Protein chains: 2
Amino acid sequence: MNETRDDHVIAVEALLRYLQCRDRVSTAERELVASLTMRFKTFRRGEDLVSENSRPNESCLVLSGFTGREVLLKDGSRQITAIHIPGDFVDLHALLLKLMDHSVVALTEAHAAYVPHAELVRISEAAPHLSRLFWLSTVVDGAIQRAWIACIGRRKPLHHLGHLICELSMRLNAVGLAPRHSFDFPITQSQLADVLGMSLVQVNRTLQALRRTGLIDWKGSTITIHDFDALAELSDFDPTYLNLMNEPR
Amino acid sequence: MNETRDDHVIAVEALLRYLQCRDRVSTAERELVASLTMRFKTFRRGEDLVSENSRPNESCLVLSGFTGREVLLKDGSRQITAIHIPGDFVDLHALLLKLMDHSVVALTEAHAAYVPHAELVRISEAAPHLSRLFWLSTVVDGAIQRAWIACIGRRKPLHHLGHLICELSMRLNAVGLAPRHSFDFPITQSQLADVLGMSLVQVNRTLQALRRTGLIDWKGSTITIHDFDALAELSDFDPTYLNLMNEPR
DNA sequence: CGTCAGATTGATATTCATCAAGATCGGTGG
DNA sequence: CCACCGATCTTGATGAATATCAATCTGACG
């Protein structure tokens, strides 16, 4: 099972990258993370990584691709409440909440690792500081959600979209996936509409308006930000909420 | 300082009520909570309980009144991203995030207790299960935020408002503050607009539409839900996300 | 009685969702 | 190689939803 072995290395590195953006991780802690047992799974666009109303006994770590939390409404519409990138735990909160109140779906092809809760508890108890870092991860998620509420509620479509792109670029860059503010984002405009809480047509036109500013390039599935600072200024983007500062937690 | 002694009792009870809705709290744990030292403070509408960009070394527990997380945009508009009720810790996440990326303001007259982080760490270490319950509290906050994103992004104003009222009623009821789905909510329509992400006029008209359904009564600052199930049905409200089930966490 | 904050109302302009129709593109099978 | 197909993107037209502006009304209170 060399493939599984590779996956394991990838998973450990992805998780460590995430944590090390925010705090120092000791050698002993790194070894504990490396000792996690996990299983791996590949998903096609639209498939559930975690299903609503399930009671997971393992938590899911994204290794590649983009996934999103999906809330479905009775009128058939849907809202994506979070986008997860490689290195993110998508349902660590289920460790405490027990019952999933939403699904996590693949927005693109995706690859993920599942870690048994018992394993997470084991290494948390061996290193309480790791436990704090897992908590941190759910709390950063919350901070991002607050930023999204403000975006949907009060920002103009152009600024909302710009804000999202700044956020994704910074998060991806932190784990080494967006060098020079350029990254791959193979998402449909229709999916984007469910992220931004707009209609498909509105997304299309907003995207054109954003292109016309000349601040970004979005060809095919590749986004390139030409002038990050100007885009951040335009979109009123302040990265504080991402908590990408490395400090003792 | 009998007044402070009373406040202390109120704070301990409020916090325990919150926790006991979600999990069993042992006698030893209750005593640990009761051993917390804290200071108390009263706020008038609009005052900050916790300020943006501060680095709190204590966390703030609401004892009475309503408070909200406030995000201010550069264009002068504002979005409230959460409403906190008595028994809620409003900035427990600052224990890990360190730097506040938003303020917490009093939406009404409010009374709050501040607990030093060192104290929270002390009782967390004495009882790891309490630590999990603190984590739980931040994670429930996140679940509520997800529901809000879906509401702002995809629900019609009438349903959004109905959903909010259902949520508040259930949360208040859980801590004994909304008997028979009736509670006091002394908030301004303008504040409500910043909660719902609508304009003031829109709020006013939506409120009238909701009154016309006959499902609720909102006179002065008192909301009475006449038919909770019907309101929940109308608003597509599913309380799962509030995690008000008592189970081992 | 005057004042003020908040609630309500009507009129208007703007934004946005929706509907419907192409255009584009990549892949597939003949 | 080409015709075709489905998915996605793009565009224009239309009406509904919503923000904004500007009064007016109401009730609490000095």
Side-chain angles (χ1 to χ4, degrees), chain A residues 44-47 66 73 75-80 105-109 150-162 164-165 184-212 216-223, chain B residues 44-47 66 68 73 75-80 105-109 150-162 164-165 184-213 216-223:
Chain A
R44 277 168 305 181
R45 179 178 288 209
E47 290 181 332
F66 292 89
L73 278 67
D75 71 355
S77 59
R78 105 177 157 153
Q79 176 69 46
I80 305 291
V105 303
L107 297 175
T108 65
E109 298 245 320
C151 281
I152 303 191
R154 290 299 190 204
R155 268 187 242 272
K156 294 197 226 309
L158 183 65
H159 302 160
H160 187 179
L161 180 56
L164 176 70
I165 292 172
D184 205 46
F185 192 48
I187 202 177
T188 261
Q189 290 185 5
S190 170
Q191 293 174 308
L192 200 49
D194 289 337
V195 168
L196 300 173
M198 306 176 193
S199 73
L200 166 60
V201 173
Q202 174 77 337
V203 166
N204 183 282
R205 288 175 175 145
T206 303
L207 199 41
Q208 292 177 47
L210 187 56
R211 284 202 192 96
R212 274 196 302 277
I216 71 153
D217 212 58
W218 188 331
K219 281 205 195 93
S221 65
T222 304
I223 300 179
Chain B
R44 276 167 306 179
R45 178 178 288 207
E47 290 181 331
F66 293 89
L73 280 68
D75 72 354
S77 60
R78 103 176 161 156
Q79 176 69 47
I80 304 291
V105 302
L107 297 174
T108 64
E109 298 245 318
C151 281
I152 302 191
R154 289 300 189 204
R155 268 186 241 275
K156 296 198 226 309
L158 183 65
H159 302 161
H160 186 180
L161 180 56
L164 176 70
I165 291 171
D184 204 48
F185 191 49
I187 202 178
T188 261
Q189 290 186 4
S190 169
Q191 293 175 308
L192 199 50
D194 288 337
V195 168
L196 300 172
M198 304 176 194
S199 72
L200 166 60
V201 172
Q202 174 77 336
V203 166
N204 182 283
R205 287 175 176 145
T206 304
L207 198 42
Q208 291 176 47
L210 187 56
R211 285 202 191 99
R212 275 196 302 275
T213 65
I216 71 152
D217 212 58
W218 187 331
K219 281 205 195 90
S221 64
T222 305
I223 301 179

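In the text below, chain A, chain B and the rest are named by the order of the sequence lines, each starting its count at 1. On a predicted model such as this, the values are computed, not experimentally measured, just so you know.
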>> Go through it in stages, so that I can follow the logic: the residues are A/Asp75 and B/Arg155, the test is salt bridge (charged side-chain N to carboxylate O under 4.0 Å, His left out), and I'd like the CA-CA distance, side-chain angles, deciding distance and then a yes or no.
In response: CA-CA 9 Å; A/Asp75 71 355; B/Arg155 268 186 241 275; over 6 Å; no
> To the nearest 0.5 Å, what is the distance between CG (A/Leu200) and CZ (A/Arg205)?
Replying inline: 10.0 Å
> Quick one: on DNA chain C, does B/Val201 or B/Arg45 contact a more 5' nucleotide (nearest heavy atom)?
Replying inline: B/Arg45
> What's the CG-P distance between A/Leu210 and D/dT10, to the nearest Å?
Replying inline: 13 Å
>> If I take atom CD1 in residue B/Ile152 and atom C1' in nucleotide C/dC16, what distance separates them, rounded to the nearest angstrom?
In response: 17 Å
> Rounded to the nearest 0.5 Å, what separation is found between the CH2 atom of A/Trp218 and the CD1 atom of A/Ile165?
Replying inline: 5.0 Å
> Starting at CG of B/Leu192 and ending at P of D/dA19, how long is that distance when rounded to a whole Å?
Replying inline: 13 Å
> Between B/Arg212 (side chain) and B/Leu207 (backbone), is there a donor-acceptor pair under 3.5 Å?
Replying inline: no
> Expressed in angstrom and rounded to an integer, what is the separation of A/Leu200 atom CG from D/dC9 atom P?
Replying inline: 8 Å
>> Just the rounded figure in Å: distance from P of D/dA19 to CE of B/Met198.
In response: 8 Å
> Could you give the NZ-to-P distance, from B/Lys219 to D/dG27, as a whole number of Å?
Replying inline: 13 Å
> Between D/dT11, C/dT8, C/dA11, which one does the side chain of B/Arg211 approach most closely?
Replying inline: C/dT8
> Does C/dT8 have OP1 or OP2 sitting under 4.0 Å from an N or O in the side chain of B/Gln189?
Replying inline: yes
> Using a cut-off of less than 4.0 Å, is there contact between a side-chain N or O of B/Asn204 and OP1 or OP2 of C/dT8?
Replying inline: yes
> Has A/Gln208 got a side-chain N or O lying under 4.0 Å from the OP1 or OP2 atom of D/dC9?
Replying inline: no
> What's the CG-P distance between A/Leu196 and C/dA17, to the nearest Å?
Replying inline: 11 Å
> Roughly how many Å is it from CD in B/Gln191 to P in C/dG6, rounded to a whole number?
Replying inline: 8 Å
> So, does B/Ser77 use its side chain to make a donor-acceptor pair with the main chain of B/Leu73 at under 3.5 Å?
Replying inline: no
> Which one, D/dG12, D/dT20, C/dA17, comes nearest to the side chain of A/Arg205?
Replying inline: D/dG12
> For A/Thr188 and A/Arg154, take the nucleotide of DNA chain D holding the closest heavy atom to each; which residue's nucleotide lies nearer the 5' end?
Replying inline: A/Thr188
